[in-house]
Amino acid sequence: MTDKTSNKYPVNLLDTPFPMRGDLAKREPGFLKAWQDQQLYNKLREKARTENRPQFLLHDGPPYANGDIHIGHAVNKILKDIIIKSKSLAGFDAPYVPGWDCHGLPIEHQIEKIVKSDKDAVKNNPDIHARIVEYRKANGLDEKETKLPASFTRELCREYAAKQIERQKVDFIRLGVWGDWENPYRTMDFKTEAEIVRTLGKINANGYMTRGQKPVHWCVDCGSALAEAEVEYEDKTSPAIDVGFRVIDAAALSKAFGGVNVGDLQAFAVIWTTTPWTLPANQAVCVSADLTYDLIATEKGLLILARDLAEAAIKRYGLDANEVIAQAKGAALEGLQLQHPFFDRQVPVIVGDHVTTDAGTGLVHTAPAHGVEDYQVGLHYKLPVDNPVGNDGRYISNTPAMNGNVELAGLTVWKANPLVLEVLEANGNLLANEKLLHSYPHCWRHKTPIIFRATSQWFIAMEHAGNDGSVLRDKANKAVDDTAFFPSWGRARLEAMIKNRPDWCISRQRNWGVPMTFFVHKETGELHPRSAELLEQVAQRIEKQGIEAWFSLDASELLGAEAETYEKLKDTLDVWFDSGSTHFAVLRARAGLKWPADLYLEGSDQHRGWFQSSLLTACATEGRAPYDQLLTHGFVVDGKGMKMSKSKGNVIAPQTVINQMGADMLRLWTASTDYSGELSISDEILKRTTDSYRRIRNTLRFLLANLSDFKAENALPVEQLTTLDRYALVQLAEFQQRVLACYDKYEFHVAVQDITAYASEELGSFYLDIIKDRLYTMGADSAGRRSAQTVLWHITQALVRLLAPITSFTAHEVWEVLNSTDDSVFLDRWHAIPAVADAAALNAQFALAREVRAQMHKDIEVLRTEGKVGSSLQAEVVITASGDTHAALAALGDELKFLLIVSKAELLQGAETAISVKVSEYEKCERCWHYHPTVGTVDGHPTLCARCDDNLHGAGEDRRHA
């Protein structure tokens, strides 16, 4: 023990190797290396298995293997790590297998950019570019050749993904995230690819996979269908037009409107649309059966409009005459034949539930090839699914010419829009044309508008009954009901998405993806009757050679002579199917893991992404969700609540925070923020986090310094502790219970608030402030000091564990100082705090005592303001109290003045509580700073009080003047 003193009389001011400044950015890499050198994650797994702990499994939603991690990645991984570590400390076996999503269009596009010698792409990937150059030379290709074999492209995609994973892995590990980093899962691992194929096979075997010519989201830049999760909505200006479809049969029109005489006037059913380019595919006009429709006489002829929208429509057309000559329900109009506005085609009026009066005319242009609702109502009426638009977003060569002479073939749909308007105008069918700014679906990769177009694709059917007779949507709805949500609003969001989602288009027309390993009949397109058997044979090959085993497979190797009539599917799987199958490919297939997972944790966008794709693949294979709980966190925004973007200059990179402040600061900010909404971050917010960290660190340093000469064997039994110390132990137990409850409910921001408040208020402003006198002035081995140190030891042991999931590096540092062993806090469990038998009585006693203390300090503050006292030790207090308050204070005995931090406290019995404070008339002890009548009476030590003399030289020695 090293004594420090400000005068000639030493006090117990001890030192600690735990520095005041964390210097985290510089010191954390050393702690990280120590964890890796000691193989602590593996030790924890071994310990958990040896102790036969129950398993808690958080399945990692795989980030995409493209680009450096951003602040959202950091938040996600830190939240997962907090949970994994807290569950381990709670006594669970909580393995964490990180994963990556590796297939798909973004990586394939990156390779295409390198192949095309994109400057930035080549600069960032010189090794891959060098391979391409070498390949061209070796195969005699032109140095600018961009059409490389698909097999070589896939090889480059795999190499690119592997490189990205290693970059991201370094950053994730630097965050202090524990996991099986040496053996993560990657969707491009051969074994995982094979299991993804097997998942597809099981879904097909269960009867949920179908093929159809259905409209799907289509990106012309990708040249592929998109999943729901790959679509985002941005504002777009479109032409909003009203188009008249001429009624062919006047007699039928008259009958529909109750026999009204329509004479020889032309009549038009008027539709409203923002996609003129879809009119070539029109097959019907849809009305609502229950809406009322007006037949209105105008100078343009008779117009059929929904009554609720008619007035606005007539005004939009700039027409004056608007006499309503008849009315009819929509159901009466069903079957009316209309003339297509520019094709030699008659189309019927049909009835659909999707028609509303939100906007337009109440009559809906229906093109089954270009809309889900159009397609669904078209099925009922057996309308043709006529799609004139090709993969590239251009009209195919046999698209009829408008009016027989205006060609569409070869035009993009966007260039066709103005041409369609010109023809409608020339034909007299265009009643209105306005510009409309509205929300429109865009490709999340290219940020360009997408289209709906019908193509032959493979789907997981939501409404189709499987082989067990169950509809997949019903299974999914029940799975949502059986899931616990954190926060609770996630349930409604996922319920709505499952309720409204269309069939899942799982097929893609790309190279870099898991293939749909089926053989189909060359004429009928039917799957081979032995599909399940053949798929397993292919899966076994993929386990050994990867997906290239399918692409290079000669069908005759498995089919023999049947290869003459069957061919391999060329489609690959939607990448959301890949990641959505990892519960099967990882949890089922990897030793030491269980299915289903206890928890999935991702950002709020994953209700339409990974949460949903995982739910559907699991329900289609196992009949339930692959998780018991779903935790959703919000997006990270700047201090003003704005979305982060490089153009705005408001991006905060996790690497920057780590390099400047340390990972623990990023971890503490993450834990401190309520993740159920948006997470705000800025330099100012991080500064506040730094201040919170500093307060916690200073508390830890005080604790460690005052335990420098204390070991566990020095601890006193609970019954030998002072009253205050036993109360502090009770408060510690209640504090720990609250924090553990927060960990169980994943309410980390509440836990941080409690930890911070406990450190600054319960400890800093109360308990530690009171016991400083005992710690500094009493004999090093005295019972009073050891009593306080016993509680400090329990406080520190509890705090270091409670902080470990959040500020992991700091907890490691504290543990090394506190326990001085090769062990780790992460191999331990929550601290077992000794029970205090009279806990309830102590709480009641100190609740009253602290009320008196608070009032007394207000009175002292008045004296301080008046300049009469400095420290509260300069004051003496007389307390008059009755009943429980008197009993509570009386039970403290000599501890009362130390609780109040005054030099003298006198307790009197009285009718009501009253406090009298005065300035002490005695001298101040140079050592303990108490004002006491014995100062000046100690022989040889005139500046000491008798208590300090006893503490320094031993009680009973007569060195005092009479």
Side-chain angles (χ1 to χ4, degrees), residues 239-273 276 278-288 291-351 355 360-367 400-406 419-434:
I241 62 172
D242 292 70
V243 180
F245 281 63
R246 183 173 58 82
V247 179
I248 294 174
D249 189 340
L253 176 67
S254 174
K255 181 179 179 182
F257 278 94
V260 64
N261 182 11
V262 297
D264 58 358
L265 293 174
Q266 284 194 330
F268 297 89
V270 185
I271 64 94
W272 178 85
T273 182
T278 62
L279 284 169
N282 175 274
Q283 299 295 337
V285 170
C286 195
V287 297
S288 170
L291 283 181
T292 298
Y293 290 84
D294 291 344
L295 185 62
I296 305 172
T298 75
E299 57 262 45
K300 288 279 189 179
L302 299 176
L303 304 182
I304 302 173
L305 298 164
R307 177 195 293 178
D308 294 343
L309 297 167
E311 183 179 349
I314 292 294
K315 184 178 180 180
R316 192 162 63 241
Y317 308 153
L319 302 177
D320 294 326
N322 57 359
E323 179 187 357
V324 177
I325 65 172
Q327 293 178 335
K329 290 292 185 181
L333 306 181
E334 185 178 23
L336 275 179
Q337 292 296 307
L338 309 174
Q339 178 61 48
H340 190 283
F342 49 71
F343 282 163
D344 184 14
R345 177 191 303 162
Q346 292 185 9
V347 299
V349 173
I350 60 176
V351 174
V355 180
T361 63
L363 296 93
V364 177
H365 144 57
T366 302
M402 292 185 291
N403 288 352
N405 60 4
V406 181
L419 197 59
V420 170
L421 299 184
E422 288 179 16
V423 170
L424 292 172
E425 180 74 37
N427 291 352
N429 296 98
L430 185 64
L431 279 74
N433 175 19
E434 299 175 342

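Position 1 is the first residue of the sequence, and the numbers go up from there. In what follows, every heavy atom counts, from backbone to side chain, and hydrogens, waters and symmetry copies are set aside. Here the structure is a predicted model, which means the values were calculated and not measured.
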Calculate, to the nearest 0.5 Å, the distance between atoms [atom1] and [atom2] belonging to [X] and [Y] respectively.
| X | Y | atom1 | atom2 | answer |
| --- | --- | --- | --- | --- |
| Thr361 | Asp308 | OG1 | CG | 12.0 Å |
| Ser288 | Lys329 | OG | NZ | 8.5 Å |
| Glu323 | Leu295 | CD | CG | 10.0 Å |
| Ile314 | Ile296 | CD1 | CD1 | 4.5 Å |
| Ile325 | Leu265 | CD1 | CG | 7.5 Å |
| His365 | Gln283 | NE2 | CD | 10.0 Å |

Do [X] and [Y] have side-chain heavy atoms sitting under 4.5 Å apart?
| X | Y | value |
| --- | --- | --- |
| Pro341 | Asn427 | no |
| Val287 | Ile304 | no |
| Asn282 | Phe245 | yes |
| Leu419 | Met402 | yes |
| Leu303 | Leu319 | yes |
| Leu333 | Phe257 | yes |
| Gln327 | Thr292 | yes |
| Tyr317 | Val270 | yes |

Nearest non-hydrogen partners of [X] and [Y], listed with the distance:
| X | Y | result |
| --- | --- | --- |
| Arg316 | Ala432 | CG-CB, 4.0 Å |
| Leu253 | Ala267 | CD2-CB, 3.3 Å |
| Ala281 | Arg345 | C-NH1, 4.1 Å |
| Ala332 | Ala256 | O-CB, 3.4 Å |
| Lys300 | Phe268 | O-CE1, 3.7 Å |

Let's go through Asp242 and Ile271 carefully: what are the C-alpha distance in whole Å and the side-chain angles of both, what is the deciding distance for side chain to side chain contact (heavy atoms under 4.5 Å, CB included) to 0.1 Å, and is it a yes or a no? CA-CA 6 Å; Asp242 292 70; Ile271 64 94; over 6 Å; no
Check step by step if side chain to side chain contact (heavy atoms under 4.5 Å, CB included) holds for Ile241 and Thr273. CA-CA 6 Å; Ile241 62 172; Thr273 182; 3.6 Å; yes
Output yes when a side-chain donor or acceptor of [X] lies under 3.5 Å from a complementary backbone atom of [Y], and no otherwise.
| X | Y | value |
| --- | --- | --- |
| Gln339 | Phe343 | yes |
| Arg246 | Asn429 | no |
| Thr366 | Val285 | no |
| Tyr293 | Gly362 | yes |
| Asp294 | Leu305 | no |
| Asn403 | Asn405 | no |

Parallel, tilted or perpendicular for Phe342 and His340, by the 30°/60° rule?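 Aromatic pair Phe342/His340 classed perpendicular.
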Considering residues, nucleotides and ligands other than Asp344, do more than 12 of their heavy atoms fall under 6.0 Å from its CG?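 For Asp344, atom CG is not crowded (no more than 12 foreign heavy atoms under 6.0 Å).
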